[in-house]
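This report refers to the structure that appears directly beneath it.
Note on naming: letters A, B, ... go to the chains in the order of the sequence lines (proteins, then strands), and numbering restarts at 1 for each one. Values reported hereafter were calculated over all heavy atoms of this structure, with side chains retained and with hydrogens, waters and symmetry mates removed.
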There are 2 protein chains.
Amino acid sequence: MITLYLAEDQSMLNSALTQLLELEDDLHVVGSARDGKTAWVDLQQLRPQVAILDIEIPGMSGLDVADRLRAADWETKVVILTTFAQQAYFERAVNAQVAGYLLKDSPSDDLIDTIRQVMQGKTVYAPELVVNMFSAATNPLTSRELAVLAEADKGLSTKTIAANLYLSAGTVRNYLSAIFSKLGVHNRLEAIKVAKDNKWLTNESGTKGG
Amino acid sequence: MITLYLAEDQSMLNSALTQLLELEDDLHVVGSARDGKTAWVDLQQLRPQVAILDIEIPGMSGLDVADRLRAADWETKVVILTTFAQQAYFERAVNAQVAGYLLKDSPSDDLIDTIRQVMQGKTVYAPELVVNMFSAATNPLTSRELAVLAEADKGLSTKTIAANLYLSAGTVRNYLSAIFSKLGVHNRLEAIKVAKDNKWLTNESGTKGG
DNA sequence: ACTTCGATGTGACAAATGTCATGAGTTGGT
DNA sequence: ACCAACTCATGACATTTGTCACATCGAAGT
């Protein structure tokens, strides 16, 4: 009997998968959560054999949870289950030595297969991502530049950004200028777009919406 | 026996729900698709009693399919199943007289309940959305202003926007200025954010990503 | 007929933005 | 010890943006 834990914030998928996994004779879902913190607390208690983690969940991301599990060095294996192929996520997952990385763009039977395979000590990664691994651009921006760009993304003026980061306005403009030249664009809007497309900048998407 | 059709592009959810619905004695999934066009073709053939449609699917949106079903005037009832509360979508769905509108942020049992209820002739809408219905701000921008803002959202300069829309640069700046004052902001970036938050501007989110 | 509103345009002006050169202090690596 | 890269800063300059005041024209409404 393989014990499972599921962290997935979309209730529809969470409950559907839970019920589906329970139908398998050799699988048992010992718990589930809709946010990262609850998941982490539960995992410490329950110590399941496999933790299925969505990345984009509130509070603490699935990758954060994976890191902690790695650090704790328990026998719990991690299967990341995420929406779409994002190289940066995948790389972090590989670094956290997760046992599996599956896209939601796969049928649910694949998840069941993956669970059984990782329990046999295998590592199962979505092939799309492994291929991409070599063609992905790496973030050319320094952390400071990224911070400036993140402020710019809020729609703030140079002056306000400077105030927020305790810099002079001139410095902020220099950073922006450096960013543009690195990204091959000529204004903040485009820079933000490029950075978001490449996932160098988080898509916080504002107050409402989602 | 209630016959169902499922249009949902996320394979994991599609297959999980299909299997789950099949487990119910009174429900039978006669088909499913991952894109709108296939769904429409199938629906014409299969004529299920209930069509469960995701909105954001490739090709033809779930709402487009709902419109066509409405126009065809068959007995197929529509249940919209979508990710998050977006007022504009909901309003369009209400206009298309869908029988149900459910968020993926609900457990899968709710979907089963909803299906049974709509078959009894009831209309089931997610309460979150009905409440919002009255507080939703209406778009103060004219269609021309929206077009200008959409161009600005691409990261284009005033000059380029003017060229694209066959306007003078001055006119474009006037529009932008009018937009800012209507939205209570002072630059394009903020205007774009506000417009997107209120779903007056589509979140196209660029080349990659998703 | 008169008014309002949207689409479109100009010109002028102030403020913000982007570019470039240049320099100094720090840190990490060879 | 030296170099490269990152952080932070100025100053000067050109360009872009954003604001304002006006003006014309057509459609819609009173």
DNA chain C: B:Ala169 or B:Thr142, which has the more 5' nearest nucleotide?
-> B:Thr142
Within this structure, what is the CD1-to-C1' distance between B:Ile161 and C:dG9, rounded to whole angstrom?
-> 17 Å
Is the shortest side-chain N/O distance from A:Thr171 to OP1 or OP2 of D:dT7 below 4.0 Å?
-> no
Take the protein atom CG of A:Leu146 and the nucleotide atom P of D:dT7, then report the distance between them rounded to whole Å.
-> 10 Å
Distance, rounded to the nearest Å, where B:Ile179 contributes CD1 and C:dT8 contributes P | 13 Å
Expressed in angstrom and rounded to an integer, what is the separation of A:Tyr166 atom OH from D:dT7 atom P?
-> 18 Å
Got B:Leu189 and A:Ile192 here, is their nearest side-chain heavy-atom distance under 4.5 Å?
-> yes
Thinking salt bridges, do A:Glu151 and A:Lys154 make one under a 4.0 Å N-O criterion?
-> yes
Heavy-atom closest contact (A:Tyr175 atom, A:Val148 atom, distance) | CD1-CG2, 3.7 Å
A:Glu190 atom CD is separated from D:dT16 atom P, nearest whole Å, by 13 Å
Would you kindly give the CD-to-P distance between B:Glu145 and C:dT8, to the nearest whole Å?
-> 11 Å
Distances for protein N or O near nucleotides 15-22 of chain C N or O, under 3.5 Å:
| from | atom 1 | to | atom 2 | distance (Å) |
| --- | --- | --- | --- | --- |
| C:dT17 | OP2 | A:Thr158 | N | 3.0 |
| C:dT17 | OP2 | A:Thr158 | OG1 | 2.8 |
| C:dT17 | O4 | A:Arg173 | NH1 | 3.4 |
| C:dG18 | OP1 | A:Arg188 | N | 3.3 |
| C:dG18 | OP2 | A:Arg188 | NH1 | 2.4 |
| C:dG18 | N7 | A:Arg173 | NH1 | 3.2 |
| C:dG18 | O6 | A:Arg173 | NH1 | 2.6 |
| C:dT19 | OP1 | A:His186 | ND1 | 3.3 |
| C:dT19 | OP2 | A:Ser177 | OG | 3.1 |
| C:dC20 | N4 | A:Asn174 | ND2 | 2.8 |

Shortest non-hydrogen separation from A:Asn187 to B:Gly155 and the atoms involved = OD1-O, 3.2 Å
When you look at B:Phe90 and B:Tyr125, which way does the ring-ring contact (aromatic ring centres under 6.0 Å, His included) test go after all the steps?
-> CA-CA 9 Å; B:Phe90 181 57; B:Tyr125 291 159; 5.3 Å; yes
How close or far is atom P of D:dT10 from atom OH of A:Tyr175, stated in whole angstroms?
-> 13 Å
Does a salt bridge link A:Arg92 with A:Asp64, judged by any charged N lying under 4.0 Å from a carboxylate O?
-> yes
Rounded to the Å, how far apart are B:Arg144 CZ and D:dG26 P?
-> 17 Å
